[in-house]
Protein chains: 2
Amino acid sequence: MESTHRNLAQQVVHELGKKIMQGTYKVGDSLPSEADLGIEFNISRTATREAVKMLTAKGLISSRPRQGIKVVASKNWNLFDVDVLNWILLGKPDLYLLRHFLQLRLALEPEAAFLAAQFAEESDLKEIENALIRMKDATNGQDDTHEADIDFHQSVLCASNNPFFIQLKNFIATALKINIRFTNRMIAVTVAEYQAHVDIFEHIKNKEPQAAFDSAMVTQKATLDIVNKQIVELESKKT
Amino acid sequence: MESTHRNLAQQVVHELGKKIMQGTYKVGDSLPSEADLGIEFNISRTATREAVKMLTAKGLISSRPRQGIKVVASKNWNLFDVDVLNWILLGKPDLYLLRHFLQLRLALEPEAAFLAAQFAEESDLKEIENALIRMKDATNGQDDTHEADIDFHQSVLCASNNPFFIQLKNFIATALKINIRFTNRMIAVTVAEYQAHVDIFEHIKNKEPQAAFDSAMVTQKATLDIVNKQIVELESKKT
DNA sequence: TTTAGTCATTTATCATATAAATATGAATAG
DNA sequence: CTATTCATATTTATATGATAAATGACTAAA
């Protein structure tokens, strides 16, 4: 195993999780037996089993006597688990995955903005404003635009003061990272996008839920439309 | 442990998970040490550790040498995990939790209907229709209304053909169950509600995304408004 | 051909031992 | 008296080896 010799089980969880999301082990495939995994990673069966149990808890695999350890159907995967999302990021996301992310974002973010306009505390507003300032600073090269952009989206989710929306911070972050990868990680966030964010913030601050919702909806829908068109194009090329 | 002597670790996971969601162990609290848990449940430390690892994977606890096993902040809980949702159901949900569920449902379900109208396959439509038929049958006492109702909502999610929406089936099911508990589990789904469902289905079938979205939105918003009013009432009583 | 039973393989659990991490409090230095 | 260092005890982390239970595959009998 790695150098550190700490949290071996956790490391194996990540190795196997990555391999599953990258398709090294596909749905229905059997993983090596506990004994073999132990040999492969040079750890005891105890640690191996703990790793297997953690992946089971995240819904990626099942393990039964005689049948061995198998990757279960992807509908059972805990797609909103932090680790799983990060492993998705390490895979090779395609346009369809990007669309799936955007479709859920379109559902979530306008409503989150709506709720933020209703329930945001002073501290929540400060967080959002902070992210906006960092986005503006980024145009002067003082900060990473994309990172500040992600912070903006996450802080709006938090401002909803709804634990379920807040839990989806990781989902949104992953969605944005994949989006960035597909557009071009070098291209900074545009002025137009920044202005759209400012609009959303203003509506939240002024406690105008519907206006906040609409502003968020417009930008989301625009992004999704672009990807939808790209997919149509892609599919027409195929045939 | 129980009679069966199979999957001891899994049983302990459920016991502890329930206790955490019911507040027996609160956020920040320490659980008994591995050794003590082993004694309490009459299982080996190995099995205990595997249970602890599974709960760790679900984001409920952390376990570090000398520090012991502690319930982590609820923002780290995997609220969309099937098990966690079921444990929530075993707790004592209040109006605020119900509102949080409804707020996310309001975000998800109209968009799911929108997507279903775009992407539903024939088989998906059959599933939805099937649930509707069962709802109608239920008025004659042949079936459980609520169960068929849950099936309807879940089948619309599936029809979106978006894995993220599909993953949220358990969330919606839990939300509906809590909703049923709050209204009155004896009261059957009304004819009006049934008709609203039929409308949504028709729009999906006719591939009218926006109409499907609007229909779903109306019913959702109505439900949320009622709960919001109840909360306002509750809070005015307090002061 | 079917059925019942045997067998081999793999996970599930247990018991015990040692290593590593770390909170706590004592000892020490300033 | 305060801050820092250090020893120690407690708890988790890992390893090892042994036994139990589950189950797919094969075999033999009806």
Side-chain angles (χ1 to χ4, degrees), chain A residues 1-17 19-20 25-73 76 83, chain B residues 1-17 19-20 25-73 76 83:
Chain A
M1 209 49 221
E2 318 298 80
S3 52
T4 144
H5 207 276
R6 185 182 156 183
N7 268 343
L8 298 187
Q10 203 73 46
Q11 289 175 42
V12 173
V13 168
H14 275 83
E15 291 304 318
L16 294 178
K19 284 189 180 178
I20 291 170
Y25 299 120
K26 295 184 178 58
V27 170
D29 281 2
S30 283
L31 272 67
S33 70
E34 288 177 357
D36 289 342
L37 283 174
I39 293 167
E40 183 180 332
F41 291 105
N42 193 30
I43 59 172
S44 71
R45 240 194 89 199
T46 314
T48 308
R49 276 185 63 80
E50 286 173 5
V52 167
K53 288 296 173 188
M54 284 192 267
L55 287 169
T56 303
K58 291 179 188 300
L60 297 187
I61 60 179
S62 77
S63 120
R64 286 167 55 196
R66 172 74 213 213
Q67 193 169 318
I69 305 162
K70 289 186 174 176
V71 181
V72 303
N76 295 306
D83 292 325
Chain B
M1 209 52 222
E2 318 299 79
S3 53
T4 141
H5 207 274
R6 184 182 155 184
N7 268 345
L8 298 185
Q10 203 73 45
Q11 289 175 42
V12 173
V13 167
H14 275 83
E15 291 304 319
L16 293 178
K19 285 190 180 177
I20 291 171
Y25 299 120
K26 294 184 180 58
V27 170
D29 280 3
S30 283
L31 272 68
S33 69
E34 288 177 356
D36 291 343
L37 283 173
I39 293 166
E40 182 179 333
F41 291 106
N42 193 31
I43 58 173
S44 71
R45 239 195 89 198
T46 313
T48 309
R49 275 185 63 79
E50 288 173 4
V52 166
K53 289 296 171 188
M54 285 192 266
L55 287 169
T56 303
K58 291 180 188 300
L60 296 186
I61 61 180
S62 77
S63 121
R64 287 168 55 196
R66 173 75 214 212
Q67 191 169 319
I69 305 163
K70 287 186 173 177
V71 180
V72 302
N76 296 306
D83 291 325

Interatomic distance, Asn7(B) atom CG to Arg64(A) atom CZ [nearest 0.5 angstrom]
10.0 Å
Would you say the side chain of Thr46(A) and the base of dT16(D) hold a donor-acceptor pair, judged only by whether the two atoms sit under 3.5 Å apart?
yes
For the side chain of Leu8(A), counting heavy atoms from C-beta on, which of dA21(D), dA15(D), dC14(C) is nearest?
dA15(D)
So, OP1 or OP2 of dA13(D): does either fall under 4.0 Å of a side-chain N or O from Arg49(B)?
yes
Report yes if a donor N or O on one partner sits less than 3.5 Å from an acceptor N or O on the other, where the partners are the side chain of Arg45(B) and the base of dA13(D); otherwise report no.
yes
Mind calculating the distance between CD1 (Ile39(B)) and C1' (dC14(C)) to the nearest angstrom?
15 Å
Applying side chain to side chain contact (heavy atoms under 4.5 Å, CB included) to Leu37(B) and Leu16(B), what does each step give before you reach the verdict?
CA-CA 10 Å; Leu37(B) 283 173; Leu16(B) 293 178; 4.1 Å; yes
For dA13(D), does OP1 or OP2 lie under 4.0 Å from any side-chain N or O of Ser63(B)?
yes
To the nearest Å, give me how far apart CZ (Phe41(B)) and C1' (dC14(C)) are.
18 Å
When you check the phosphate oxygens OP1 and OP2 of dA23(C), does a side-chain N or O of Arg64(B) lie under 4.0 Å from one of them?
yes
Could you give the CG-to-C1' distance, from Leu37(A) to dT11(C), as a whole number of Å?
12 Å
So how far is it from Glu40(A) CD to Ser33(A) OG, rounded to the nearest 0.5 Å?
10.5 Å
Whole-Å distance between dT12(D) C1' and Gln10(A) CD?
13 Å
Whole-Å distance, Asp36(B) CG to dT12(D) P, equals 9 Å
Which heavy atom of Glu34(B) sits nearest a heavy atom of Thr48(B), and at what distance?
O-CG2, 3.6 Å
Would you indicate what Ala9(A) reaches in the nucleic acid, counting non-hydrogen atoms under 4.0 angstrom: base, sugar-phosphate, or nothing?
sugar-phosphate
Side chain of Glu34(B), heavy atoms from C-beta onward: which of dA22(D), dA9(D), dT12(D) has the nearest atom to it?
dT12(D)
From CD of Glu50(B) over to P of dT12(D), roughly how many Å is that when rounded to an integer?
16 Å
OP1, OP2 of dT14(D) versus side-chain N and O of Ser44(A): anything below 4.0 Å?
no
Within this structure, what is the NZ-NZ distance for the pair Lys26(A) and Lys70(A), rounded to the nearest 0.5 Å?
16.0 Å
Show the nearest heavy-atom pair for residues Gly17(A) and Leu60(A), with the distance to one decimal.
CA-CD1, 4.4 Å
Short side-chain N/O contact to dT12(D) OP1/OP2 from Lys53(B), under 4.0 Å
no
First of Leu31(B) and Thr48(A) reached from the 5' end of DNA chain D, by closest nucleotide
Leu31(B)
dG24(D) OP1/OP2 closer than 4.0 Å to side-chain N/O of Gln67(A):
yes
Figure out the CG/C1' separation between Asn42(A) and dA15(D), and round it to whole Å.
11 Å
Consider the side chain of Asn7(B), meaning its heavy atoms from C-beta on, and name the nucleotide among dA12(C), dA13(D), dA15(D) that approaches it most closely.
dA12(C)
Can you check the Ile43(A) CD1 to dA15(D) P distance for me, whole Å?
6 Å
